[in-house]
Amino acid sequence: MNKYNFFTKTIIILVVNFILEGFFQFVKNSSPLPVLTKIVTNILLIQDVLNICVYILLVSCFIFEYCYRKLIKDTIKNSLKSLAATIRIKNYCRFLTSSKSLNHNIPQSSQDKIYSIANRVRSTIQIEYFNQQAIFTISLNVPMQVEEIWKSNFQKIKEKLHQLDTDYTFSDITLIEPLTATYGATGTKITNKEDVAHC
């Protein structure tokens with residue numbers, strides 16, 4: 001799991017836990033049964049412990065990220081930018097329907113399964129912004145049909161990466177780690193947009 005997946009899932013856990021805590025507080029205050037009140041009270045105590053643990057994890061991650069950025073002479077602002085960009089590109093890469101380009105001899109149920117696996121690959125996507133460059137990575141350790149679907153969309157993804165921040169121009173998405181089937185692209189910060197426009 002990349003760090004941005006961890007961060008977003010941790011936030012979701014906090015939100016869900018907050019909603020459940022409100023529900024259990026309502027049950028505790030309105031329940032006429034002492035036994036039920038005691039059970040709910042114990043649940044609330046467990047939730048409090050869970051919340052404390054999650055908060056400690058979030059703060060620890062923030063401190064680690066802040067120190068890492070300081071060490072490489074970068075800013076925490078780029079971490080927030082990376083998180084937002086990662087979420088946006090994952091949403092962009094969602095496959096909603098089966099493509100007509102797939103083999104028509106494959107049953108519809110099989111095609112749906114292929115696209116279900118393809119959508120799971122989105123969890124491996126990560127964009128990391130730095131002051132002078134950006135790095136996009138995705139792991140395609142998947143069956144051949146799923147890999148072909150993603151590769152056929154690499155050019156569109158590259159264009160979307162540039163749209164997310166026009167200050168960066170990205171290279172083609174290529175294989176960078178054969179053992180893990182990790183593909184990536186490097187974005188270079190444009191220092192003079194006028195020179196790029198003339199090229």
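The model shown is predicted, which means the values in this text are computed figures rather than measured ones. Sequential numbering from 1 along the given sequence is applied to the chain's residues.
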Hey, what do you get for [atom1] ([X]) to [atom2] ([Y]), rounding to the nearest 0.5 Å?
| X | Y | atom1 | atom2 | value |
| --- | --- | --- | --- | --- |
| Ile39 | Leu44 | CD1 | CG | 12.0 Å |
| Ile87 | Ile125 | CD1 | CD1 | 12.0 Å |
| Gln155 | Ile157 | CD | CD1 | 10.0 Å |
| Asp167 | Gln132 | CG | CD | 10.5 Å |
| Thr137 | Ile173 | OG1 | CD1 | 10.5 Å |
| Leu161 | Ile135 | CG | CD1 | 12.5 Å |

Side chain to side chain contact (heavy atoms under 4.5 Å, CB included) assessment of Val15 paired with Ile19: CA-CA 6 Å; Val15 172; Ile19 294 172; 4.2 Å; yes
side-chain hydrogen bond (donor to acceptor under 3.5 Å, both in side chains) pairs, two or more places apart, involving residues 34-48: Asn17-Gln47
Residue pair [X] / [Y], side-chain heavy-atom distance below 4.5 Å:
| X | Y | result |
| --- | --- | --- |
| Cys93 | Asn153 | no |
| Val16 | Ile13 | no |
| Asn141 | Thr180 | no |
| Asn51 | Glu21 | yes |
| Thr8 | Leu83 | yes |
| Ile72 | Asn131 | no |
| Tyr4 | Ile127 | no |
| Leu14 | Leu58 | yes |

Which residues satisfy the side chain to side chain contact (heavy atoms under 4.5 Å, CB included) test with [X], sequence neighbours excluded?
| X | value |
| --- | --- |
| Thr124 | Val121, Ile138, Ser139 |
| Ser116 | Arg120 |
| Leu36 | Val27, Ser31, Leu33, Val40 |
| Ile56 | Ile52, Ser60 |

Residues that Arg69 engages under side chain to side chain donor-acceptor pair (under 3.5 Å), provided they are two or more places apart: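 Residues passing side chain to side chain donor-acceptor pair (under 3.5 Å) with Arg69: Glu65, Asp74, Ser79, Glu128.
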Residues that Ser152 engages under side chain to side chain donor-acceptor pair (under 3.5 Å), provided they are two or more places apart: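 In terms of side chain to side chain donor-acceptor pair (under 3.5 Å), with neighbours along the sequence ignored, Ser152 is linked to no residue.
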Other cluster members, Met144 - Ile/Leu/Val/Met/Phe/Trp/Tyr, side-chain contacts below 4.5 Å: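 Joined to Met144, directly or through intermediates: none.
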Sequence neighbours excluded - salt bridge (charged side-chain N to carboxylate O under 4.0 Å, His left out) pairs with any residue from residues 130-154: Glu147-Lys151
Residue pairs, two or more places apart or on separate chains, that pass salt bridge (charged side-chain N to carboxylate O under 4.0 Å, His left out) and touch residues 79-93: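 Listed once each, the pairs are Lys81-Asp165.
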Heavy-atom pair of closest approach, residues Ser171 and Ala185: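 Taking Ser171 first and Ala185 second, the nearest heavy atoms are O-CB, 3.5 Å.
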Under 3.5 Å: donor-acceptor pair, side chain of Thr182, backbone of Ile176: no
Same hydrophobic cluster for [X] and [Y], using side-chain heavy-atom links shorter than 4.5 Å among ILVMFWY?
| X | Y | result |
| --- | --- | --- |
| Phe64 | Leu57 | no |
| Tyr66 | Tyr68 | no |
| Phe7 | Ile63 | no |

Side chain to side chain contact (heavy atoms under 4.5 Å, CB included) assessment of His162 paired with Glu159: CA-CA 5 Å; His162 178 64; Glu159 293 170 1; 5.9 Å; no
Cys61 vs Phe6, side chain to side chain contact (heavy atoms under 4.5 Å, CB included): CA-CA, chis, key distance, verdict: CA-CA 10 Å; Cys61 288; Phe6 174 81; 3.3 Å; yes
Of all pairs that satisfy ring-ring contact (aromatic ring centres under 6.0 Å, His included), the ones with a partner from residues 14-45, not counting sequence neighbours: none
Listed once per pair and sorted, the ring-ring contact (aromatic ring centres under 6.0 Å, His included) pairs that draw on residues 129-156, sequence neighbours left out: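 Qualifying pairs: Phe95-Trp150, Tyr129-Tyr168, Phe154-Tyr183.
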Atom NZ of Lys189: over 12 foreign heavy atoms under 6.0 Å: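 Enclosed.
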